[in-house]
Amino acid sequence: MSGLRSFVARRLLLGVAQTAAVVLLVFALTEMLPGDAAVALAGDQPDPARIEAIREALRLDRPAVERLADWAAGLPHGDFGTSLASGRPVARYIADGFGPTLLLASLTVALLVPLGFGLGVLAARHEGRLLDRLVSSVTLAVYAVPEFALGVLLVTVLALRLGWLPPTAVGYGTDLLGHPAALVLPVLVLLARPVCSLVRLVRAGMIDALASPYVAQARRYGVSGARVRYTHALPNALAPAAQQLARTIDWLLCGVIVVEALYVIPGLGTVLLNAVAERDVPVVQGLAVVFGVLTVVLNLAADLVARRLAPRSGVAA
Amino acid sequence: MNHENGTTAGPVAEIRDLRVEIDGRAVVDGVSLAALPGRVTALVGASGSGKTTTGLALLGEYPPGARVTGDVRLSADGPAGYIPQHPATVLNPARRVRALLTDIARTQVGHLPPGRRRSAARERVLRALAEAQLPDAAPLLRRYPHQLSGGQQQRVVLAQALLLGARVIVADEPTTGQDALTKSRIVDQLAAVAARGIAVVLLSHDPDVVRALADEVIVMRSGRVVESGPAPDAWRAVQAGRTREPLVDQPPFPQADGSTGTVRPVLRIRDLTARHHDGARGTTVVLRAPRLNLHPGESLAVVGRSGSGKTTLARCLAGLHRDQDGRILLDGTPLPPSLRNRGRAHLAAVQYVFQDARAAFDEHRPVLHQVARTAVRLRGTDADTATREALTTLASLGLPEDLVRRHPGRCSGGELQRAALARALLARPRVLICDEITSGLDPITRRGILDLLTSLVRDRGGLSLVLITHDLDTAARADRIAVLDGGELVEHGPAERVLTTPQHPFTVSLVEAAARLTARTGT
């Protein structure tokens, strides 16, 4: 049996268990919150009899375990259940929210990779000199700014004061691609911190790799500078960066709640936020499954990439 | 390898009055050297004598922060080739073997039409590998460096230099870590390199190899040249000096108590088969050992050429090679194949000392802490007791307290190897595996370590030794010898019997090669 295949199989099995655990935990936590969907639906007329009626109509009066089992039984058929708040299928919610989230994530990653690796390699080449110190201190400073603060700052300066860009995506619905200007600020905010951590990781890895005997040998034997940097040194600096990149993509797809809320982008983060506010448990659970699976798959992919980049690590038992 | 016409050509590389200073201390002082085409110039000296610094100067490389005066000139165009002591360090761990070779070849095929460049480059690479005694190396090119044996790694690095068309090749301890057969082949190999008209600068502390190869000998001590001249004269002068290791009269390891038939073996190997993954191409069997016993207090030498499966056998015992079938029994209980499934007692019972002691220590923590940690982790002693025990053990191995409180970077290779032994002993092992632990060391240090192993087996009742080695002189000290060839256990028996009346043709050739190497150098 191939070691790689059994590794992937083991990790996928573990991933299924992890996702199940996440769903259980999320369910338990939403159960523990005061109030439920009936209270939320009753709105500004919290009449006990009315709440009880809604509860009965939504079948919320049954025991929690029964409700969970009911919902879980639908999963194998791809049925995520129906929303308590609107009665629409949960899958519909997820599909709607996924578009804007994926668009933001792809744009961010498309800029993140060249920027992160390029600046990292550049800083490593100039280790200890002005350019390196500049890149290092700026990345550290930007990394220290939380995204909600940066988001508000950018809106204030670039949108409200200077009026260069729309402050939010209000009114554009899910057709964000038709209004690229509205995407600039959110992508900038999403990009800010991941770029910094990636640059610093790549820089550290590259400094080690550039000082290594194998890079010295390649230089000694007349391989050109750029080739040495990108094909001989960089592969050794990539493994930790690949892990970081996977975590970043995971974060972009599963939890950019603050940025989506700030710029009013109808992505998965907004769907999650609304669902929690309405105690819409099936929607929250559906999102938990999607986020769990994404996390498992992305981390597995990162481990496979790392294995390819550091093949020796596969040797030790 | 004296060539009559060799002296007529001018030197292809020359050093005049080189002085390299680090922090005001001269590591090389007043060294001059001329590398003539087709000649082998040997720089001889113990570790720390400045020969590597001199050799690297030919490549235009100096230690960081060094102040250099003097003259280094390469008259030939193109860079000098370099074969370092540990060839693995110059092979990129994240790239396949072909990566650098192809990059070197690519620069040489620029004149061809683009469509033919790739195949021409590949052809050149394969030819260089064949010239470095790696024929049919196509499958090798797809492997990662860690999937090659030490000998193969060295030949790949030599192939890089040959591919480059270097006019000078600096070989740093090229025979270190090689078995007698390979050693003899490397001698032929470097002779063949010289015969192509390439100047070879050989840095070595192996007297046999220097005497077999060198046309000119430069003996260095503490950064200075103490003797230099044409090989025969220089050697006569050296005979009286200290660079020659007394290879004779090595005391054997103490014999195991009692006859091996009556005492129960501490370790039994039954039908062991180990495999190696070769990319997506499936698996290769790299070791087959149907039956091997190790008795308490016994030392077993495992000999064979590089790539014969010696280290794989050791890794199987230590639980570092997961892909194995068969059984390894410790005192009758089977050991799980992977050390992740072994309990603390099992981990402590089988201890491993690696070839590269420097790589086996964390450079940021004092040696003492790392040694003491074994007792804490594997025997559950508290930190204070562990430190006291570590100090006692280290002292008994000749390492004083002020030395072991330093970081590994400030200890010599020999000292670190002693510390690595102490670290293994702190687990109170039943079986101590020593994997080529002396092959990176100079003769005097090596002698010290081997004497130390002798006294360990004598003084620590019941400790068994598995000695992985390519060196028959070292193996001769053991009680029993197991011979591996191409992953097969071809012969095993009492050391004296195997060395004097070898049965298997491979053992015969191994013993003969060792004898030939000694004979050729006129000992």
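Side chains included, hydrogens not; waters and symmetry mates left out as well; all remaining heavy atoms used. Residue numbers begin at 1 in each chain, while the letters A, B, ... track the order of the sequences.
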To the nearest 0.5 Å, atom CG of Leu100(B) lies from atom NE2 of His232(A) at 5.5 Å
Segment of [X] engaging chain A (4.5 angstrom heavy-atom cut-off):
X         : answer
Ala166(B) : neither
Tyr144(B) : side chain
Gln160(B) : both

Smallest separation among heavy atoms of [X] and [Y], with atom names:
X         : Y         : result
Ala161(B) : Tyr221(A) : CB-OH, 3.6 Å
Arg220(A) : Tyr82(B)  : NH1-CD2, 3.0 Å
Thr107(B) : Gly222(A) : CG2-O, 4.5 Å
Pro213(A) : Val90(B)  : O-CG1, 3.8 Å
Leu91(B)  : Tyr214(A) : C-CB, 3.8 Å

If one checks every heavy atom of Thr231(A) against chain B at 4.5 Å, the contacting part turns out to be both
Residue from Pro145(B), Ala88(B), Gly81(B) scoring the most non-hydrogen pairs under 4.5 Å with chain A is Gly81(B)
Exactly one candidate in Leu59(B), Asn92(B), Val157(B) meets side chain to side chain contact (heavy atoms under 4.5 Å, CB included) with Gln217(A); the answer is Val157(B)
Please indicate whether Arg117(B) has more than 12 foreign heavy atoms, meaning atoms of other residues, nucleotides or ligands, lying under 6.0 Å from its CZ. yes
